[in-house]
Protein chains: 2
Amino acid sequence: MKASPRPYHHGNLRQALLSAGERAIESAGVLHLSLRELSRELGVSHTSPRRHFADKQALLDALALHGYERLGAALARAARDHGQPFNVRLTKVARAFVSFAIQHPAMLGLMFEAKHRADAPRELLEAGENAFAHIFGVFTSGQATGAVVAGDPHRLALVAFAALQGLVTLSTNGKFKGASLNVLIGEVIERIILGLRPRD
Amino acid sequence: MKASPRPYHHGNLRQALLSAGERAIESAGVLHLSLRELSRELGVSHTSPRRHFADKQALLDALALHGYERLGAALARAARDHGQPFNVRLTKVARAFVSFAIQHPAMLGLMFEAKHRADAPRELLEAGENAFAHIFGVFTSGQATGAVVAGDPHRLALVAFAALQGLVTLSTNGKFKGASLNVLIGEVIERIILGLRPRD
DNA sequence: ACCTGAACACCGTTCAAGT
DNA sequence: ACCTGAACACCGTTCAAGT
């Protein structure tokens, strides 16, 4: 077992730690991440991570940063067609977000925690802002075409995003007995659209 | 400092561990909870918790159970006036939930994780169901009076609850620059009500 | 019944040292 | 520059033993 050779000692240990770290948190949870075990897997001494990450938290922050970059790219792709109507664009970004969350639940948790930390690196905060700016943009253009009520677009986006965030939290916690997630996403999005419609 | 005497060795060590444990997770996070440190605080040996909790996870589960009982009681209180219109009842339960979440953020996280665990004790799952049944009840009576669209009330309640859950997640992660949480709660509730209104 | 102390197998982190 | 080994101060958990 563990068929991979070891192309390390070259300077790709940093990348190897990130990959192995992500796999570890998705399969066993952030709580059980062990630098020593990671080192064992990669066939290096347990002190070598120190060269690339000051401590365990630094590795987690680097993982979260990478997560925000990937989420941002996915949201940008979903929102890129500015010619489409609000409902379509919102549906696309919402599904992109939910899809990311379902595929990388531990990563998403890590990303939120990292942003929340008092001493979060500036880089991380910026990556987060950049990722969510793509959702925000859909709302401002929705207001421009009259599909969304007037008001502070940041607040409206936040309210809608909260619904998605909650859906994801509930779903990764397996709290859907029979209901398919795909159906629920559609329902949540529909309610958001109705809730944000200008009152006739 | 640490002015409390020690009325332990009586059989209240179990309760003392729960209290100290809750205080510890709210102030330092679940990750940093240490049974040995808890024992030190309480002036007992680090093996004595074993008598009351099989392991660390058992203590966390007991804390989560207690949390669900308190949340359930708060939601029941908020929802008890069945004569009030849907909007009023929904607002009350929503504010009760958000209020609990703000006051006990680490506890709420623990509660969700505990329910999610594959080997979660039956007792815990039941306490969770009981707590959320009070929110569910508001939706079924909302449908009865025509304030809420027809459809599976479980799904509708889930959709609305997701929005609250997301608001709470976002708020405990401090992602509200200027906006007051109280204002945002009101906005979320309003959007939920509008989103669930029957289409005339 | 309830608590203790020694012991075991793990951690993260530091430091002097090797190539 | 990058990695190593010994060492330190912590964990959770087990077990034989004390009252």
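Every chain is numbered from 1, with letters handed out A, B, ... down the list of sequences.
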Which donor-acceptor pairs under 3.5 Å do the side chains of residues 184-191 of chain B make with protein atoms, sequence neighbours left out?
residue: B:Glu187; atom: OE1; partner: A:Arg155; partner atom: NE; Å: 2.9
residue: B:Glu187; atom: OE1; partner: A:Arg155; partner atom: NH2; Å: 3.1
residue: B:Arg191; atom: NH1; partner: A:Gly195; partner atom: O; Å: 3.0

* Mind running a 4.0 Å heavy-atom check of residues 19-26 of chain B against DNA chain D and sending the residues that fall below it, in number order? => none
* **Paired stretches of DNA chain D - 3 or more consecutive Watson-Crick or G-U pairs, each distance under 3.5 Å** => C:4-8 with D:12-16, C:12-16 with D:4-8
* Asked: Are A:Phe136 and A:Phe161 an aromatic pair by the rule of ring centers under 6.0 Å?
  -> no
* Can you name the side chain to side chain donor-acceptor pair (under 3.5 Å) partners of B:Arg51, sequence neighbours left out? -> none
* Give the B/S/- string for nucleotides 12-19 of chain D, one per nucleotide from 5' to 3', where a protein heavy atom under 4.0 Å of the base yields B, of only the sugar-phosphate yields S, and otherwise -. => BBB-----
* Nucleotide D:dG5, atom P - distance to CZ of A:Arg40 in whole Å -> 14 Å
* To do: May I ask you to evaluate whether B:Ser48 reaches the phosphate of C:dC3, defined as a side-chain N or O under 4.0 Å from OP1 or OP2?
  => no
* **Test salt bridge (charged side-chain N to carboxylate O under 4.0 Å, His left out) applied to A:Arg23 - qualifying residues, sequence neighbours left out** => A:Glu41
Between side-chain atoms of residues 96-103 of chain A and protein atoms elsewhere (two or more places apart, or another chain), which donor-acceptor pairs fall under 3.5 Å?
residue: A:Ser99; atom: OG; partner: A:Gln103; partner atom: NE2; Å: 3.4

* **A:Gln165 backbone acceptor or donor facing B:Gln165 side chain under 3.5 Å** => no
* **Under the side chain to side chain donor-acceptor pair (under 3.5 Å) test, residues paired with B:Gln57 that sit two or more places apart** => B:Arg117
* **Nucleotide C:dC3, atom P - distance to CG of B:Leu42 in whole Å** => 11 Å
* Find the distance A:Arg14:CZ to D:dA1:P and express it as a whole number of Å. => 17 Å
* **Partner residues of A:Ser48 under the side chain to side chain donor-acceptor pair (under 3.5 Å) criterion, sequence neighbours left out** => none
* Residues two or more places apart in sequence or in another chain: which of them pass salt bridge (charged side-chain N to carboxylate O under 4.0 Å, His left out) with B:Arg70? -> B:Glu22
* Would you please name every residue forming a salt bridge (charged side-chain N to carboxylate O under 4.0 Å, His left out) with B:Glu126, sequence neighbours left out? => B:Arg122
* To do: Take atom NE2 of B:His52 and atom C1' of C:dC3, then tell me their distance rounded to the nearest Å.
  => 9 Å
* Structure fact -> Rounded to whole Å, CG of A:Asn12 lies from C1' of D:dA1 at a distance of 14 Å
* Set of side chain to side chain donor-acceptor pair (under 3.5 Å) partners for B:Ser45, sequence neighbours left out -> B:Thr47
